[in-house]
Amino acid sequence: MALLNILKYPDERLHTVAKPVGEIDERIRTLVADMAETMYEARGIGLAATQVNVHERVVVMDLSEERNELRVFINPTITVREGETTYEEGCLSVPGIYDTVTRAERITVEALDIDGKPFTLEADGLLAICVQHELDHLNGKVFVEHLSPLKQNRIKTKLKKRSRLEM
Ligand code: GNR
Ligand code: NI
């Protein structure tokens, strides 16, 4: 297992559109294990491969209190979107920034599990929000891009300044 580096907004690599996974082989299983370790270490509830600079359609998630219910989504697609909800979102790639995003309230997602077995999940609440947030990452979109251009620029300036001070 290994901890992976999480790209930070406004890194342009976060705007890469991820490719579908072909075969779920040892390389993908290692990627999933490393992504899970990285997500748990960073105390996130989800992580998309895009965030660790791997541009393939892989997502890990764990919304449980005990941090022992890992969900893996390979080649996920949202097939149904219903209603509208808002939530104060954060992102491991945009540390310390939280803002309100509007998304579908209920979704149906189809994906492959770690064994390559297809599954369908109907989700609402935070799970539905998190799936949409992670799918956005695979499509090269960061949650701040749902905000106004003015807010995006303020966040960009803040994070650039911060990364400069860290160096
Ligand atoms: O840890 C995370 N928390 C979170 C809170 C509200 C909405 C979405 C998220 S996902 C985020 C982890 C992350 O950045 N995933 O891409
Ligand atoms: Ni995120």
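Whatever order the structure lists them in is the order used to number ligands and atoms, beginning at 1. Hydrogens, waters and symmetry mates play no part in the numbers below; they use all other heavy atoms, side chains included.
In summary, the atoms of ligand 1 found under 4.0 Å from a heavy atom of Cys91, numbered by their order in the structure, are 14 (O). Within the listing of ligand 1, atoms 1 (O) sit less than 4.0 angstrom from a heavy atom of Gly44. Here is the list of ligand 1 atoms found below 4.0 Å of a heavy atom in His137: 16 (O). Applying the 4.0 Å criterion to heavy atoms of Tyr87 picks out, from ligand 1, the atoms 6 (C).
Between Phe73 and Phe119, the ring planes lie tilted relative to each other; the angle falls in the 30° to 60° range.
Remark: minimum distance from atom 8 (C) of ligand 1 to any protein heavy atom is reached at His133 ND1, 3.5 Å. At the shortest separation from atom 7 (C) of ligand 1 among protein heavy atoms lies Glu89 CG, 3.5 Å. Nearest to atom 2 (C) of ligand 1 among the protein's heavy atoms is Ile45 CG1, 3.5 Å. Taking atom 15 (N) of ligand 1 as the reference point, the nearest protein heavy-atom neighbour is Glu134 OE2, 2.7 Å. Nearest to atom 14 (O) of ligand 1 among the protein's heavy atoms is Leu92 N, 2.8 Å.
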Is there a side chain to side chain contact (heavy atoms under 4.5 Å, CB included) between Leu121 and Leu127? Walk through the geometry before answering. CA-CA 10 Å; Leu121 175 72; Leu127 179 58; 4.0 Å; yes
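Look at Arg13 and Asp11 and you find a salt bridge, because one of the NZ, NE, NH1 or NH2 atoms lies within 4.0 Å of a carboxylate O, short of that distance. Ion pairing of Arg103 with Asp136 is present here, as a side-chain N (NZ or NE/NH1/NH2) and a carboxylate O approach within less than 4.0 Å. A salt bridge is defined here as a Lys NZ or Arg NE, NH1 or NH2 lying under 4.0 Å from an Asp or Glu carboxylate O, and Arg27 with Glu56 meets this definition.
Angle SG(Cys91) to the Ni ion (ligand 2) to NE2(His137), rounded to 10°: 100°.
The one candidate from Thr50, Leu112, Asn139 that meets the side chain to side chain contact (heavy atoms under 4.5 Å, CB included) condition with Arg57 is Asn139.
The residue Phe143 has no part lying near ligand 1, judged by heavy-atom distances below 4.0 Å.
Proximity of a side-chain donor or acceptor of Glu37 to a complementary backbone N or O of Ala33 within less than 3.5 Å is not detected. Side chain of Gln152 to main chain of Leu147: a donor-acceptor pair is present (N/O by atom type, distance under 3.5 Å, no hydrogens or angles). For Ser93 (side chain) and Leu7 (main-chain N/O), a donor-acceptor pair under 3.5 Å exists by modelled atom type.
Checking Glu84 against Thr102 by side-chain atom types alone, no donor-acceptor pair falls below 3.5 Å.
For Ser93, no nitrogen or oxygen atom sits less than 3.5 Å from a nitrogen or oxygen atom of ligand 1, counting backbone and side chain alike. Checked against a 3.5 angstrom limit, the closest N/O atoms of Glu88 and ligand 1 fall outside it. Checked against a 3.5 angstrom limit, the closest N/O atoms of Gly46 and ligand 1 fall inside it.
For atom 11 (C) of ligand 1, the candidate residues are Ala48, Cys130, Gly90; the nearest heavy-atom contact is made by Gly90.
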